[in-house]
Enquirer: 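Can you keep this structure in mind? I'll have questions shortly.
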Amino acid sequence: MEKNNITIKRMTYDDIEAVLRIENESFSDSWNRESFEHSINAEYDYPIAAEYEGETAGYAILRSSIDTADIIRIAVDKKNRRRGIASGLMEALLEYGYSTGVKKYMIEVRRHNYAAICLYEGFGFEIFGIRENYYSNPVEHGLLMIK
């Protein structure tokens, strides 16, 4: 899928170095290389990477089970935020999910990650629960969102 100089493709081993850089820049509870390798090989995961101007600028992972899916990872590198990359990743995940029979999507987000919450609400997600003190480093509530 290509739109606005953003190319979305299935994540491969060649993307892992850039994805790890973005992961470590974006999350205090970062995944390691083995986690991404596992996701690339897992039949129930759909890992994708976004390229902007020829370099990996973001990634996302959808994990599905029958008709329900969790968006378990989504991040865009800091220098490329506000370019529509996260929206492109979300569109690609939802399109793939619908094509495989997913009817319900869930995502979890830090309570104070307002940019992410706005993004998800823009795609029709609604808050349906709170996990108190779920995140560490820093300690923060997690919001459960559903579409």
Side-chain angles (χ1 to χ4, degrees), residues 1 3-12 15-42 44-53 55-98 100 102-147:
M1 174 176 133
K3 185 175 171 182
N4 301 333
N5 296 327
I6 301 164
T7 302
I8 308 285
K9 64 180 189 71
R10 183 91 186 213
M11 187 187 298
T12 68
D15 298 309
I16 291 179
E17 284 305 317
V19 165
L20 283 170
R21 178 185 50 77
I22 298 165
E23 174 80 1
N24 290 322
E25 168 185 277
S26 302
F27 299 108
S28 59
D29 59 341
S30 303
W31 276 20
N32 59 28
R33 173 180 302 281
E34 292 75 26
S35 297
F36 286 104
E37 289 174 353
H38 174 78
S39 186
I40 287 170
N41 293 313
Y44 45 82
D45 280 4
Y46 181 64
I48 55 176
E51 291 182 353
Y52 179 76
E53 295 185 347
E55 67 179 56
T56 302
Y59 64 92
I61 301 172
L62 183 78
R63 180 166 289 162
S64 56
S65 175
I66 308 171
D67 65 350
T68 302
D70 291 297
I71 298 171
I72 58 172
R73 279 312 215 224
I74 183 167
V76 174
D77 67 356
K78 288 182 180 179
K79 71 179 182 182
N80 286 306
R81 291 181 183 163
R82 314 274 321 145
R83 298 185 193 273
I85 296 169
S87 292
L89 290 164
M90 287 293 291
E91 286 175 20
L93 291 180
L94 296 173
E95 183 179 297
Y96 172 81
Y98 287 131
T100 61
V102 171
K103 295 182 179 17
K104 179 170 65 173
Y105 297 86
M106 294 189 298
I107 194 163
E108 190 166 333
V109 61
R110 283 182 179 267
R111 181 183 198 173
H112 292 103
N113 189 344
Y114 301 118
I117 293 166
C118 287
L119 172 72
Y120 307 147
E121 287 177 338
F123 279 92
F125 282 80
E126 298 176 346
I127 296 168
F128 76 95
I130 297 174
R131 288 189 171 154
E132 293 189 18
N133 301 321
Y134 181 74
Y135 291 100
S136 59
N137 215 14
V139 173
E140 189 170 4
H141 297 337
L143 299 179
L144 299 166
M145 299 183 77
I146 192 166
K147 172 181 173 71

Enquirer: Could you go through the side chain to side chain contact (heavy atoms under 4.5 Å, CB included) check for D45 and L62 one step at a time?
Expert: CA-CA 6 Å; D45 280 4; L62 183 78; over 6 Å; no
Enquirer: Between E91 and I8, is there a side-chain heavy-atom distance shorter than 4.5 Å?
Expert: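 I8 vs E91: side chains apart.
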Enquirer: Of the non-hydrogen atoms in L89 and A75, which two are nearest, and what is the gap between them?
Expert: CD1-O, 4.1 Å
Enquirer: Say you draw a straight line from CG of D70 to CZ of R63; how long is it, rounded to the nearest 0.5 Å?
Expert: 8.5 Å
Enquirer: Do the side-chain N and O atoms of R81 and S26 include a donor-acceptor pair separated by under 3.5 angstrom?
Expert: yes
Enquirer: What's the shortest heavy-atom distance between N80 and I85, and which atoms?
Expert: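 Minimum heavy-atom separation between N80 and I85: O-CD1, 3.5 Å.
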Enquirer: What is the minimum heavy-atom distance between W31 and S39, and which atoms define it?
Expert: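 Closest pair (atom of W31, atom of S39, distance): CZ3-CB, 4.3 Å.
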Enquirer: Does E126, at its CD atom, have more than 12 non-hydrogen atoms belonging to other residues, nucleotides or ligands within less than 6.0 Å?
Expert: no
Enquirer: So do the side chains of Y120 and I74 get within less than 4.5 Å of each other, counting heavy atoms only?
Expert: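 Yes, side chains in contact.
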Enquirer: Let me confirm one number: the CD1-CD1 distance from I146 to I127, rounded to the nearest 0.5 Å.
Expert: 12.5 Å
Enquirer: Test V109 against every option in I117, I71, L144 by the side chain to side chain contact (heavy atoms under 4.5 Å, CB included) rule and name the one that passes.
Expert: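 Per the side chain to side chain contact (heavy atoms under 4.5 Å, CB included) rule, the option paired with V109 is I117, out of I117, I71, L144.
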Enquirer: Looking only at non-hydrogen atoms, find the nearest pair between I22 and A57 and report the distance.
Expert: CD1-C, 3.6 Å
Enquirer: Any ion pair linking K78 and E25 (charged N to carboxylate O, less than 4.0 Å)?
Expert: no
Enquirer: Mind checking the OG-CD spacing from S28 to E140? Nearest 0.5 Å is all I need.
Expert: 9.0 Å
Enquirer: Determine, using ring centers only, whether F123 and Y105 are less than 6.0 Å apart.
Expert: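 That pair fails the under 6.0 Å test.
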Enquirer: Nearest 0.5 angstrom please: L20 CG to N32 CG, how far?
Expert: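 Between atom CG of L20 and atom CG of N32 there are 8.0 Å.
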Enquirer: To the nearest 0.5 Å, what is the distance between CE on M145 and CG on L119?
Expert: 9.0 Å
Enquirer: At their closest point, which heavy atom of T56 faces which heavy atom of R21, and how far apart are they?
Expert: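 Taking T56 first and R21 second, the nearest heavy atoms are O-NH2, 3.6 Å.
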Enquirer: For the pair Y59 and F36, name the ring-plane relationship: parallel under 30°, tilted 30 to 60°, perpendicular over 60°.
Expert: perpendicular
Enquirer: What is the minimum heavy-atom distance between D29 and E23, and which atoms define it?
Expert: O-OE2, 4.3 Å
Enquirer: If you measure from the Lys or Arg side-chain nitrogens to the Asp or Glu carboxylate oxygens, is any gap between E55 and K79 under 4.0 Å?
Expert: yes
Enquirer: Can you tell if the side chain of D15 reaches within under 4.5 Å of the side chain of K9, non-hydrogen atoms only?
Expert: yes
Enquirer: Which value, rounded to the nearest 0.5 Å, describes the distance between R73 atom CZ and I48 atom CD1?
Expert: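 The CZ atom of R73 sits 14.5 Å away from the CD1 atom of I48.
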Enquirer: Within the distance-only criterion (no hydrogens, no angle test), does the side chain of N41 pair as donor or acceptor with the backbone N or O of E37 below 3.5 angstrom?
Expert: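 Checked: pair present.
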Enquirer: Just do the side chain to side chain contact (heavy atoms under 4.5 Å, CB included) check on R10 and Y46 with the steps written out, would you?
Expert: CA-CA 7 Å; R10 183 91 186 213; Y46 181 64; 3.4 Å; yes
